[in-house]
Visitor: 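One structure, pasted below without further comment.
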Amino acid sequence: MDEHSASPFRRVWHVAEAIPEGCVASYSQVAKLAGLNGGARRVGGALAKAPDRSRLPWHRILKADGKIALPAGSAGRREQIRRLEDEGVLIENGRVDMKKFQWQPDMDELIWGPLAFPAFGDDAE
DNA sequence: AACGTGACGAGGA
DNA sequence: ATCCTCGCCACGT
């Protein structure tokens with residue numbers, strides 16, 4: 001049904017899909033939009049368990065300070081950096097300037113966007 | 001049931 | 001800027 005009845009994981013995936021290309025969001029930001037207040041730590045787990053990670057823009061989600069959460073040297077981290085650079089997000093020393101790249105949905109998007117009416121922007125329930 | 005853990009975050013030293 | 005401590009909360013032991 002709608003995202004309120006959907007599982008927390010589904011809601012997280014849905015929010016992730018709403019992050020525009022070339023933009024990033026913080027774990028806490030995604031958690032809040034997904035209705036998981038104080039659940040920033042849950043977001044990572046949800047992304048990792050996504051059925052199709054190749055199609056989910058999990059790479060656009062970073063720590064609040066702009067740092068990449070995945071551990072240095074890990075394959076996932078390299079993949080994330082590659083994906084971000086591919087869409088024009090600048091990364092210096094594993095850090096992204098949130099001032100410039102953080103996604104900030106406007107009112108219209110919050111009220112009328114896919115987050116508000118998932119059935120319109122996604123495979124309708 | 002207590003305890004440790006983690007793709008987090010804010011605040012203080 | 002870096003490190004540490006706590007708060008957070010779902011999960012697995």
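Per chain, numbering begins at 1; letters A, B, ... match sequence-line order. The analysis underlying the following values was restricted to heavy atoms, covering all of them including side chains, and did not include hydrogens, waters or symmetry mates.
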Visitor: Under 3.5 Å, is there an N or O donor on one side and an acceptor on the other linking the side chain of A:R42 and the base of C:dC9?
Guide: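 Side chain to base: pair present.
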
Visitor: Which residues within residues 96-104 of chain A lie with some heavy atom under 4.0 Å of an atom in DNA chain B?
Guide: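 Heavy-atom cutoff 4.0 Å gives no residues at all.
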
Visitor: I need the minimum non-hydrogen distance between A:F9 and A:K49, along with the two atoms involved.
Guide: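 That would be CE2-CD, 3.4 Å.
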
Visitor: Taking only distance into account, with no hydrogens and no angle test, what donor-acceptor pairs under 3.5 Å do side-chain atoms of residues 90-106 of chain A form with protein atoms, sequence neighbours excluded?
Guide:
| unit_1 | atom_1 | unit_2 | atom_2 | d |
| --- | --- | --- | --- | --- |
| A:D97 | OD1 | A:K99 | N | 2.9 |
| A:Q102 | NE2 | A:Q29 | OE1 | 2.9 |
| A:D106 | OD1 | A:D108 | N | 3.3 |
| A:D106 | OD1 | A:E109 | N | 2.8 |

Visitor: Please state how far atom CZ in A:F9 lies from atom C1' in B:dG6, giving the value in whole angstrom units.
Guide: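 That distance rounds to 12 Å.
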
Visitor: Search all heavy atoms of A:V89 against all heavy atoms of A:C23 and return the closest pair with its distance.
Guide: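 Distance-wise, the nearest heavy atoms are CG2-N, 4.4 Å.
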
Visitor: Taking the nucleotide of DNA chain C with the closest heavy atom to each, which residue, A:K49 or A:G39, is nearer the 5' end?
Guide: A:G39

Visitor: Rounded to whole angstroms, how far apart are CG on A:L36 and P on C:dA10?
Guide: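 Between P of C:dA10 and CG of A:L36: 9 Å.
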
Visitor: Reckon A:R41 has a side-chain N or O less than 4.0 Å from the OP1 or OP2 of C:dG7?
Guide: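 Checking C:dG7 against A:R41, no side-chain N or O comes under 4.0 Å of OP1 or OP2.
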
Visitor: In whole Å, I'd like the distance from the NZ atom of A:K63 to the P atom of B:dG6.
Guide: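 Interatomic distance, NZ of A:K63 to P of B:dG6: 12 Å.
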
Visitor: Distance check needed: C:dC9 P versus A:N37 CG, whole Å only.
Guide: 9 Å

Visitor: Can you tell me the distance, in whole Å, between the NZ atom of A:K67 and the P atom of B:dA10?
Guide: 13 Å

Visitor: Using atom CG of A:D65 as one end and atom P of B:dG9 as the other, report the distance to the nearest whole Å.
Guide: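 Rounded to the whole Å, the gap is 7 Å.
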
Visitor: Could you report the tightest heavy-atom contact between A:Q80 and A:L70, atom names first, then the distance?
Guide: OE1-CD1, 3.5 Å

Visitor: Can you see which heavy atom on A:R83 is nearest to which on A:L56, and at what distance?
Guide: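 It is NH1-O, 3.3 Å.
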
Visitor: Does a nitrogen or oxygen in the side chain of A:S28 sit under 4.0 Å from OP1 or OP2 of B:dG9?
Guide: yes

Visitor: Between A:G38 and A:R95, just flag the one whose closest nucleotide in DNA chain C comes earlier from the 5' side.
Guide: A:R95

Visitor: Identify the heavy atoms of A:A18 and A:L115 that sit nearest to each other, and give their distance.
Guide: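 Closest pair (atom of A:A18, atom of A:L115, distance): CB-CD2, 3.9 Å.
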
Visitor: Using whole Å, report how far CD of A:Q29 lies from C1' of B:dG9.
Guide: 14 Å

Visitor: When A:I19 is tested against each of A:V24, A:L33, A:I61 for side-chain contact (heavy atoms from CB on, under 4.5 Å), which residue passes?
Guide: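 Testing A:I19 for a side-chain contact (heavy atoms from CB on, under 4.5 Å) against A:V24, A:L33, A:I61 leaves exactly one candidate, A:I61.
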
Visitor: In whole angstrom, give the distance that lies between atom CG of A:L47 and atom P of B:dA7.
Guide: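 A:L47 atom CG is separated from B:dA7 atom P by 11 Å.
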
